[in-house]
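Only one structure is covered here, and it is reproduced in the block below.
None of these values were measured; they are calculated from a predicted model.
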Amino acid sequence: MASIDLGPARATDLTRRWRAALPRANAGFLVLGGVTLVALVGPLLAPHDPADLVGTSFARPGEDGFLLGSDALGRDLLSRTLHGLRTSWLAALAVVAIGLLVGGLVGLVAGARGGWVDSVLMRVTDAFLALPAPVLAIAIVAALGPGLRNSLLAVSLVWWPFYARVVRGEVRALAGRPHVEAARMAGAGPVRIALVHLLPGVIPTAVITATMDLGTLVLTLAGLSFLGLGQPAPAAELGADSARNMPFLLQYWWVPVIPGLAVMLLALVGTLAGGSLATSLDRSRRD
């Protein structure tokens with residue numbers, strides 16, 4: 001037994017593919033990092049406070065010193081968009097982090113233990129998956145009351161089951177690998193096997209799945225905000241700003257369209273970055 005290498009970070013095929021994929025996936029990581037940086041520092045670059053009435057109503061883009069124009073109250077759309085980008089993007093990242101933590105833990109325990117533990121945890125997971133996630137999130141926010149914190153809680157509650165299923169499937173696939181069997185024969189306990197020999201092989205798929213979810217999460221959170229379940233006025237939130245200004249669409253199109261375009265851009269960036277990571281891993285598998 002002394003000659004058997006039990007290091008899963010070296011023995012697991014998925015981990016080797018992940019390492020091989022990293023150079024090709026740099027573009028995706030750079031894009032995500034760039035958007036996160038813009039979201040963090042963007043409000044510092046905003047020319048005005050997003051709630052300040054600093055000019056005339058419905059100034060066109062480029063008019064009266066407003067790069068993106070102003071809304072019905074004379075607030076700077078650029079400032080509101082930069083603050084809204086931070087809220088939407090960081091909220092999506094927060095949901096991904098919570099979902100990975102909760103769902104990853106549930107999937108890891110279910111896949112590693114098996115038996116009745118697996119059955120109970122997966123039935124709970126299936127109960128959440130049986131209902132449409134957006135509808136359930138709306139119901140939860142409606143019950144708790146509007147607000148960004150409640151929106152994050154609601155979406156996190158309905159999102160973790162997706163990660164639990166993914167992680168559980170990967171763990172079950174890895175559980176029969178030679179290095180895991182060797183660890184069992186060497187006397188490794190279930191906790192060590194789960195954390196040291198299974199978890200490293202699950203991380204690549206979990207990260208890619210979470211990254212590809214960023215675009216959908218941005219749209220989901222913006223949809224809750226659009227329905228009036230996000231932060232109350234005058235907070236700058238892209239979905240809410242677009243909804244409040246919809247009555248002006250035909251006459252002053254840029255007021256509701258600019259926040260909507262920002263949501264679309266965030267969702268597109270998240271989806272493309274996730275697709276880039278997935279493609280890189282798939283190419284490494286074929287190489």
Side-chain angles (χ1 to χ4, degrees), residues 6-19 21 25 32 91-134 136-137 140 152-184 188-217 220 270-271 273-275 277-278 280-282 284-285:
L6 300 181
R10 295 183 295 274
T12 304
D13 290 340
L14 282 175
T15 307
R16 288 200 297 266
R17 294 171 191 163
W18 176 251
R19 290 175 176 175
L32 289 179
L93 291 178
V95 172
V96 163
I98 295 172
L100 279 176
L101 181 61
V102 177
L105 180 60
V106 171
L108 183 63
V109 172
R113 289 299 300 271
W116 68 269
V117 174
D118 183 22
S119 298
V120 170
L121 291 178
M122 286 302 100
R123 295 301 76 77
V124 174
T125 301
D126 290 341
F128 279 91
L129 291 174
L131 297 173
L136 184 57
I140 294 173
L152 289 176
L153 176 60
V155 178
S156 299
L157 282 175
V158 302
W159 221 265
W160 69 264
F162 299 103
Y163 301 127
R165 271 294 178 186
V166 169
V167 171
R168 187 259 184 189
E170 289 294 314
V171 169
R172 298 303 296 170
L174 291 170
R177 294 291 180 88
H179 72 281
V180 179
E181 293 293 339
R184 290 195 185 97
V191 175
R192 177 176 176 80
I193 290 175
L195 297 180
V196 179
H197 299 276
L198 293 175
L199 183 59
V202 172
I203 290 175
T205 301
V207 169
I208 290 173
T209 302
T211 306
M212 295 186 71
D213 275 352
L214 282 173
T216 304
L217 282 169
T220 301
T271 302
L277 293 177
S280 298
L281 187 63
D282 185 61
S284 296
R285 186 189 300 117

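For the atom pair Asp213 CG and Trp159 CH2, the distance stands at 6.0 Å (nearest 0.5 Å). Distance CG/Leu100 to CG/Leu105: 12.0 Å, rounded to 0.5 Å. Rounding to the nearest 0.5 angstrom, the gap separating the OH atom in Tyr163 from the CD1 atom in Ile98 is 11.0 Å. For the atom pair Leu93 CG and Leu217 CG, the distance stands at 9.0 Å (nearest 0.5 Å). Expressed to the nearest 0.5 Å, how far CG of Asp126 lies from CG of Leu121 amounts to 11.0 Å. Taking CZ from Phe162 and OG1 from Thr125, the interatomic distance works out to 11.0 Å, rounded to the nearest 0.5 Å.
Taking the side chain as every heavy atom from C-beta outward, Leu153 and Ile140 never approach each other to under 4.5 Å.
Between Ala137 and Ala154, the closest heavy-atom pair is O-CB, 3.6 Å. Between Ala206 and Val167, the shortest heavy-atom distance links the atoms CB-CG2, 4.3 Å. Gly107 and Val171 get closest at one heavy-atom pair: O-CG2, 4.4 Å. The nearest pair of heavy atoms linking Met122 to Ala110 is CE-CB, 3.9 Å. Nearest heavy atom pair, residue Phe128 against residue Pro161, reads CB-CG, 3.4 Å. Listed here is the closest heavy atom pair of Gly111 and Arg172: O-NH1, 2.8 Å.
Take Asp118 and apply the side chain to side chain donor-acceptor pair (under 3.5 Å) test, not counting sequence neighbours, and it matches Arg168.
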